[in-house]
Protein chains: 2
Amino acid sequence: MFKKFKIPDATIGRLTAYSRFLKEAEEKGISTVSSQNIAEATGVTPAQVRKDLAYFGEFGTRGVGYNPKELYNYIMKILGLDKKWNVAIFGAGNLGTALSQYRGFLERGFEIVCMFDTDPEKVGKKLNAIDIFHLDELKEKAKELNIELAIVAVPAQAAQEVVNMIVEAGIRGIINFAPVNIFVPDNIVLRRVDLASQLEYLTYYLGENR
Amino acid sequence: MFKKFKIPDATIGRLTAYSRFLKEAEEKGISTVSSQNIAEATGVTPAQVRKDLAYFGEFGTRGVGYNPKELYNYIMKILGLDKKWNVAIFGAGNLGTALSQYRGFLERGFEIVCMFDTDPEKVGKKLNAIDIFHLDELKEKAKELNIELAIVAVPAQAAQEVVNMIVEAGIRGIINFAPVNIFVPDNIVLRRVDLASQLEYLTYYLGENR
DNA sequence: TAGATTGTTAATCGATTAACAATC
DNA sequence: TAGATTGTTAATCGATTAACAATC
């Protein structure tokens with residue numbers, strides 16, 4: 001449906017930001033926005049906005065601008081968010097628990113359908129109405145609940161093994177929160193989020209010893 | 001102490017990954033590692049590793065490689081992690097709570113010294129030995145506890161205002177977890193982490209409608 | 001010395017920005 | 001028509017990679 005050359009990774013991230021602004025604009029009843037408006041709200045240049053959109057089609061009207069609702073819908077479609085996605089969280093520790101309750105996911109169409117752990121204290125219980133299953137049940141539950149995405153919040157030592165099982169179970173998209181580099185087959189989409197590393201960007205710039 | 005031209009943002013992120021590998025290598029008693037070893041473990045090219053390090057100095061021995069412990073210490077110094085940092089978390093909701101208990105921060109020298117909220121139900125209580133103060137007490141507590149970094153985990157609508165107060169209180173490094181673009185003065189270091197956006201990278205690549 | 005691996009330069013690649021024709 | 005803003009091309013900028021001299 002959309003062209004797909006090599007599109008910068010950063011473009012995808014910016015589309016998310018644009019879509020949030022467009023939704024706000026629509027809710028405020030604004031009927032037209034310019035690339036300049038979008039750029040100011042999201043901290044990029046107008047040229048960047050137009051270039052990002054140009055990868056996927058022509059969504060505006062020359063001399064006029066963009067219709068917020070229309071462009072929002074287009075971007076959601078580009079991002080694959082015109083459907084709901086079923087997500088499982090691996091690891092029912094602090095981070096997994098927090099992510100399971102994070103409202104931001106639901107707002108964008110992500111539903112946490114269950115969690116997995118190996119701790120007998122946790123397995124079989126519910127966390128705010130979300131079932132915690134044993135990791136051994138993964139294959140079965142993945143089919144039953146149609147799990148499409150995995151969020152990995154297990155300790156670093158366990159991460160590669162858990163990811164292997166996730167891939168085995170036919171889940172193709174994975175976010176890794178464990179501070180370790182994970183390897184997956186080519187057809188799997190994997191992203192790593194390193195929380196401590198985020199703080200280290202700050203300390204690098206603030207650190208005085210250089 | 002170190003050269004500081006324009007260093008790619010991504011270099012800083014990779015240094016974090018290198019340092020983790022080097023620590024492991026040292027713990028295993030490995031006496032020498034090559035750029036090739038580091039590259040394989042962290043998923044980059046050997047040239048990238050050497051280039052990243054070259055921004056800051058010469059840390060290896062030609063024909064031999066790098067000493068893990070030595071290079072680890074250098075990188076930690078580059079990242080500003082040769083000291084402990086005091087961190088405050090803003091927002092004692094699900095995400096803030098999880099982050100307050102995240103072990104990965106402590107391991108890298110970040111100490112969560114307190115949290116802030118405005119909910120009377122939460123203010124004055126402790127969360128696993130971490131005090132929750134009212135946002136009004138920020139200025140006072142920032143001095144008293146020497147808060148150096150802020151993690152913002154408040155609702156999107158409140159984020160800009162909270163960040164303004166953080167800046168006012170003299171805190172110069174901020175991580176924003178709220179899904180909204182925040183503006184700060186030039187001398188403040190700000191990073192945004194958008195959790196939902198991370199999942200959207202996956203759905204973009206997995207989405208079939210393009 | 002021969003083999004290995006760094007540090008660094010030059011070439012390549014890719015992403016951002018500026019500029020402008022198209023067009024509402 | 002005049003003014004505005006898109007879509008797109010070309011120029012610029014920056015980051016990654018390849019190649020190799022330096023040197024252990």
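Throughout, protein chains are lettered first and strands after them, A, B, ... in sequence-line order, and every chain is numbered starting at 1. Here the structure is a predicted model, which means the values were calculated and not measured.
- When every heavy atom of A:P46 is checked against every heavy atom of A:Q36, the shortest pair comes out as CG-OE1, 3.6 Å.
- Pairs of residues two or more places apart, or lying in two chains, that qualify as salt bridge (Lys or Arg N to Asp or Glu O under 4.0 Å) and include a residue from residues 173-197 of chain B are A:R20-B:D194, B:D9-B:R191, B:R192-B:D194.
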Seminar exercise, completed: For DNA chain D, the expected dot-bracket line (Watson-Crick or G-U under 3.5 Å, [ ] crossing, | inter-strand) is ..||||||||||||||||||||||

For this session: Show your reasoning for whether side chain to side chain contact (heavy atoms under 4.5 Å, CB included) applies to B:F177 and A:L195.
Result: CA-CA 11 Å; B:F177 278 91; A:L195 294 174; 3.9 Å; yes

Atom pairs, N/O to N/O, protein against nucleotides 21-24 of chain C, distance under 3.5 Å?
from   : atom 1 : to    : atom 2 : distance (Å)
C:dA22 : O4'    : A:R62 : NH1    : 3.3
C:dA22 : N3     : A:R62 : NH1    : 3.2
C:dC24 : O4'    : A:R62 : O      : 3.0

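- Qualifying salt bridge (charged side-chain N to carboxylate O under 4.0 Å, His left out) partners for A:K141, counting only residues two or more places apart in sequence or in other chains: A:E144.
- Applying the salt bridge (charged side-chain N to carboxylate O under 4.0 Å, His left out) test to A:D117 and every residue at least two apart in sequence or in another chain returns nothing.
- Expressed to the nearest 0.5 Å, how far CD of B:E70 lies from OG1 of B:T61 amounts to 7.5 Å.
- Rounded to an integer number of Å, the gap from A:Y66 OH to D:dA4 C1' is 13 Å.
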Distance-only check: which donor-acceptor pairs under 3.5 Å involve side-chain atoms of residues 103-110 of chain A, not counting sequence neighbours?
from   : atom 1 : to     : atom 2 : distance (Å)
A:R108 : NE     : B:E200 : OE2    : 2.6
A:R108 : NH1    : A:S19  : OG     : 3.1
A:R108 : NH2    : A:S19  : OG     : 2.9
A:R108 : NH2    : B:E200 : OE1    : 3.0
A:R108 : NH2    : B:E200 : OE2    : 3.4

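- For the pair A:R50 CZ and D:dT5 C1', the computed distance is 7 Å after rounding to whole Å.
- Residues meeting the ring pair (Phe, Tyr, Trp, His ring centres under 6.0 Å) test with B:F90, sequence neighbours left out: B:F116.
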Below 3.5 Å is the cut-off: list the nitrogen or oxygen pairs between protein and nucleotides 12-16 of chain C, distance only.
from   : atom 1 : to    : atom 2 : distance (Å)
C:dT16 : OP1    : A:R14 : NH1    : 3.2
C:dT16 : OP2    : A:R14 : NH2    : 3.2
C:dT16 : O5'    : A:Q48 : NE2    : 3.3

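- Considering OG1 of A:T203 and CG of B:L149, their distance stands at 7.0 Å, rounded to 0.5 Å.
- Between the side chain of A:N37 and the backbone N or O of A:S34, at least one donor-acceptor pair lies under 3.5 Å.
- Across residues 19-36 of chain B, B:S34, B:S35 each have a non-hydrogen atom less than 4.0 Å from an atom of DNA chain C (numbered order).
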Please tabulate, for side-chain N and O atoms in residues 156-163 of chain B, each donor-acceptor pair with protein atoms closer than 3.5 Å (sequence neighbours left out).
from   : atom 1 : to     : atom 2 : distance (Å)
B:Q160 : OE1    : B:F183 : N      : 3.0
B:Q160 : NE2    : B:N164 : OD1    : 2.9
B:Q160 : NE2    : B:F183 : O      : 3.0

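- Remark: A:K83 engages A:E148 in a salt bridge (charged side-chain N to carboxylate O under 4.0 Å, His left out) (not counting sequence neighbours).
- Every side chain to side chain contact (heavy atoms under 4.5 Å, CB included) that B:P8 has, sequence neighbours left out, goes to B:T11, B:Y55.
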